[in-house]
Asks: 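I'd like to ask some things about the structure below.
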Amino acid sequence: MSTQLLKWAYEELADAGVASPQADAEVLLAHALGVDRSELRRLVVLGREVPDDAAGVFAGLVSRRAAREPLQHLTGVAAFRHLELAVGPGVFVPRPETEEVAQVAIDEAAKVVGERGSAVVVDLCTGTGAIALAVATEVPGTRVHAVELDKDAHAWAERNVDALSAEVASARAGTEADIEPGAPPERIVRLVKGDARTALYGIDGLADVVVSNPPYVPSDAVPVDPEVAEHDPAVALYGLGPDGLEVPRGITDAAARLLRPGGLYVMEHAEVQAEAARDMVAAARDADGRPVFGEPETRKDLTGRHRMVVARRLGPERSAG
């Protein structure tokens, strides 16, 4: 029965134009059964029957997925690096491509921690908190600040920060006897609700890394995939201005303010914006009209596309040329 159900679901999803019908069918059936995919495959090999109630739930999920509702909205979770994040309507679903943006921030934070014992990392336009939480959980010794303005997205980020903070506290409690039983967990990320362009004035010039996946889609470039166009919030997609870089320019100015000399800035953008993003960063100036960043470079994401700009904050004794 599991095989027949999966075959039916695959055909339904393939006919609807879903990009990964086989994988999505397996994820949805596993979700309906309350098991992971490896256990699902074991049940399929054994020829186990699917209970009627689970089969009904599965049919409903397949119907919604065929209507191009995001898979992550149906399961309530999205994978990002080693994390499983809560997601749903009102927040941008983190993409695998952004994992490489996080990697750049993680590598730099780890380098700074190795040199100085600690690092300050700022994630602007954090959404679900994906990048911030990846840094916080992968690089011990980091103090991570995350900023999100939209109330719905901030609520999702808060949920993820609280959940992972509790997990970390639970793991520590098993090895550290001095942790008071029942004490509220210390948040592993400082989450701030505010405009990413103007928040965190208290740490101006102290950040070692500023990372951002801001809205950057031009207003007239409506995404092709219904999952994105109809379900990701517009505030997380469209960067305003004819080139989609009005919000990123504000993020770049914030990075210039927050970073210490030598600190690293990394920002995701669309593949077609690579040159414009470099020009945007190169054009940033301080109050005296001097360049803020060294020569910006474009780096590739996991698919080999040019999807991020990276630059270092110049110090008072340095110049861009």
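For this chain, numbers begin at 1 and follow the sequence in order.
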Asks: Ignoring hydrogens and geometry, is there a side-chain-to-backbone donor-acceptor pair from Arg313 to Ala256 under 3.5 Å?
Replies: yes

Asks: Mind checking the CG-CG spacing from Leu259 to Leu264? Nearest 0.5 Å is all I need.
Replies: 7.5 Å

Asks: Write down the atom of Leu13, the atom of Ala66, and the distance for their closest heavy-atom approach.
Replies: CD2-N, 3.7 Å

Asks: Do Glu246 and Arg197 sit within salt-bridge range, that is, some charged N less than 4.0 Å from a carboxylate O?
Replies: no

Asks: Verify, without hydrogens or angle tests, whether Ser63 (side chain) and Ala59 (backbone) share a donor-acceptor contact under 3.5 angstrom.
Replies: no

Asks: To the nearest 0.5 angstrom, please state how far the CG atom of Leu61 sits from the NE2 atom of His31.
Replies: 6.0 Å

Asks: Quick check: closest heavy atoms across Phe80 and Leu85, and the distance to 0.1 Å?
Replies: CB-CD1, 3.9 Å

Asks: Flag this pair as yes if the NZ/CZ of Arg257 is under 6.0 angstrom from the six-membered ring centre of Tyr201 and inside a 45 degree cone about the axis; otherwise no.
Replies: yes

Asks: Hey, which of Arg307, Arg95, Gln273 is the one that makes side-chain hydrogen bond (donor to acceptor under 3.5 Å, both in side chains) with Glu268?
Replies: Arg307

Asks: Would you kindly confirm whether Val292 and Ile251 end up in one hydrophobic cluster when ILVMFWY residues are joined by side chain heavy atoms under 4.5 Å apart?
Replies: yes

Asks: Just wondering, do Thr98 and Asp301 contact through their side chains at under 4.5 Å, heavy atoms?
Replies: no

Asks: Give a yes or no on whether a salt bridge exists between Lys151 and Glu158, defined as a side-chain N under 4.0 angstrom from a carboxylate O.
Replies: no

Asks: Do Val209 and Val122 come close enough that some side-chain heavy atom pair is under 4.5 Å?
Replies: no

Asks: Do Asp123 and Thr126 have a side chain donor and acceptor closer than 3.5 Å?
Replies: yes

Asks: Apply the side chain to side chain contact (heavy atoms under 4.5 Å, CB included) test between His145 and each candidate in Val192, Val121, Val120; give the one that qualifies.
Replies: Val120

Asks: Treating Ser212 as the side-chain partner and Leu124 as the backbone partner, does any N or O pair qualify as donor plus acceptor under 3.5 Å?
Replies: yes

Asks: For a 4.5 angstrom cut-off between non-hydrogen side-chain atoms, does Tyr265 reach Val211?
Replies: no

Asks: Yes or no on side chain to side chain contact (heavy atoms under 4.5 Å, CB included) for Leu133 and Asn160, after CA distance, side-chain angles and deciding distance?
Replies: CA-CA 8 Å; Leu133 287 165; Asn160 286 317; 3.7 Å; yes

Asks: For Val135 versus Ile106, what's the shortest heavy-atom pair and its separation?
Replies: CG2-CG1, 3.8 Å

Asks: Give a yes or no on whether Val235 and Val93 share a hydrophobic cluster (residues Ile, Leu, Val, Met, Phe, Trp, Tyr; joining criterion: side-chain heavy atoms under 4.5 Å apart).
Replies: no

Asks: Once you round to the nearest 0.5 Å, how far does CG of Leu314 lie from CD of Glu295?
Replies: 10.5 Å

Asks: Would you mind checking if Glu69 and Arg65 are paired as a salt bridge, meaning a charged N to carboxylate O distance below 4.0 Å?
Replies: no

Asks: Would you give the length of the straight line joining atom OG1 of Thr252 to atom CE of Met267, rounded to the nearest 0.5 angstrom?
Replies: 5.5 Å

Asks: Donor-acceptor check, side chain of Asp286 to backbone of Asp288, threshold 3.5 angstrom: yes or no?
Replies: yes

Asks: Looking at every non-hydrogen atom in both residues, tell me the closest pair between Ala136 and Thr142 and how far apart they are.
Replies: CA-OG1, 3.9 Å

Asks: Could you tell me whether Glu99 and Arg81 make a salt bridge, using a distance below 4.0 angstrom between a side-chain N and a carboxylate O?
Replies: no

Asks: Does the side chain of Glu138 reach to within under 4.5 Å of the side chain of His82, using non-hydrogen atoms?
Replies: yes

Asks: Is Arg116 salt-bridged to Asp208, going by a charged N under 4.0 Å from an acidic O?
Replies: yes

Asks: Measure the spacing between CG of Leu40 and CG of Leu6 and express it to the nearest 0.5 Å.
Replies: 6.0 Å

Asks: Please name the pair of heavy atoms, one in Ala196 and one in Ala254, separated by the smallest distance, quoted to 0.1 Å.
Replies: O-CB, 3.5 Å

Asks: Would one find more than 12 heavy atoms of other residues, nucleotides or ligands at under 6.0 Å from atom CD of Glu275?
Replies: no

Asks: Are the side chains of Val18 and Arg68 in touch, meaning some heavy atoms are under 4.5 Å apart?
Replies: yes

Asks: Compare all side-chain heavy atoms of Pro242 with those of Pro218 and state whether any distance is below 4.5 angstrom.
Replies: no

Asks: May I ask you to decide if Thr3's main-chain N or O and Trp8's side chain share a donor-acceptor pair within less than 3.5 Å?
Replies: no

Asks: Could you grab the distance from atom NE2 of His306 to atom CD of Glu271, nearest 0.5 Å is fine?
Replies: 7.5 Å

Asks: With no hydrogens and no angle check, is any side-chain donor or acceptor of Asp225 less than 3.5 Å from a backbone partner on Val228?
Replies: no

Asks: Check the pair Glu108, Gln103 against side chain to side chain contact (heavy atoms under 4.5 Å, CB included), reporting the backbone distance first and the verdict last.
Replies: CA-CA 9 Å; Glu108 181 69 14; Gln103 186 67 61; over 6 Å; no

Asks: Got a salt bridge between Glu97 and Arg305, using NZ or NE/NH1/NH2 to carboxylate O under 4.0 Å?
Replies: yes

Asks: Out of curiosity, does Leu83 fall in the hydrophobic cluster containing Val101 (side-chain heavy atoms, cut-off under 4.5 Å, transitive links)?
Replies: yes

Asks: Contact between Arg41 and Glu26 at the side-chain level, heavy atoms closer than 4.5 Å - yes or no?
Replies: yes

Asks: Should Val210 and Ile203 be regarded as members of a common hydrophobic cluster, given that ILVMFWY residues are connected when their side-chain heavy atoms come within less than 4.5 Å of each other, either directly or indirectly?
Replies: yes

Asks: Tell me the closest heavy-atom pair linking Leu5 and Phe58, and the distance in Å.
Replies: O-CE2, 3.8 Å

Asks: Do Val112 and Val139 sit in the same hydrophobic cluster, where Ile, Leu, Val, Met, Phe, Trp and Tyr count as joined when their side-chain heavy atoms come under 4.5 Å apart?
Replies: no

Asks: As a quick check of understanding, evaluate side chain to side chain contact (heavy atoms under 4.5 Å, CB included) for Arg190 and Arg143, giving each step before the final call.
Replies: CA-CA 8 Å; Arg190 178 197 174 203; Arg143 287 172 289 159; over 6 Å; no

Asks: Within a strict 4.5 Å, meaning less than it, do heavy atoms of the Leu71 and Val27 side chains meet?
Replies: yes

Asks: Start with the C-alpha gap between Leu206 and Leu258, add the side-chain angles, then the distance that decides, and say whether side chain to side chain contact (heavy atoms under 4.5 Å, CB included) holds.
Replies: CA-CA 6 Å; Leu206 299 178; Leu258 291 164; over 6 Å; no

Asks: Just by modelled atom types, is the Ala282 backbone N or O under 3.5 Å from a matching donor or acceptor in the Arg285 side chain?
Replies: yes

Asks: Check this for me: does any side-chain nitrogen of one of Arg299 and Glu297 sit under 4.0 Å from a carboxylate oxygen of the other?
Replies: yes

Asks: Give a yes or no answer on whether the side chain of Ser165 reaches the backbone of Ile188 with a donor-acceptor pair at less than 3.5 Å.
Replies: yes

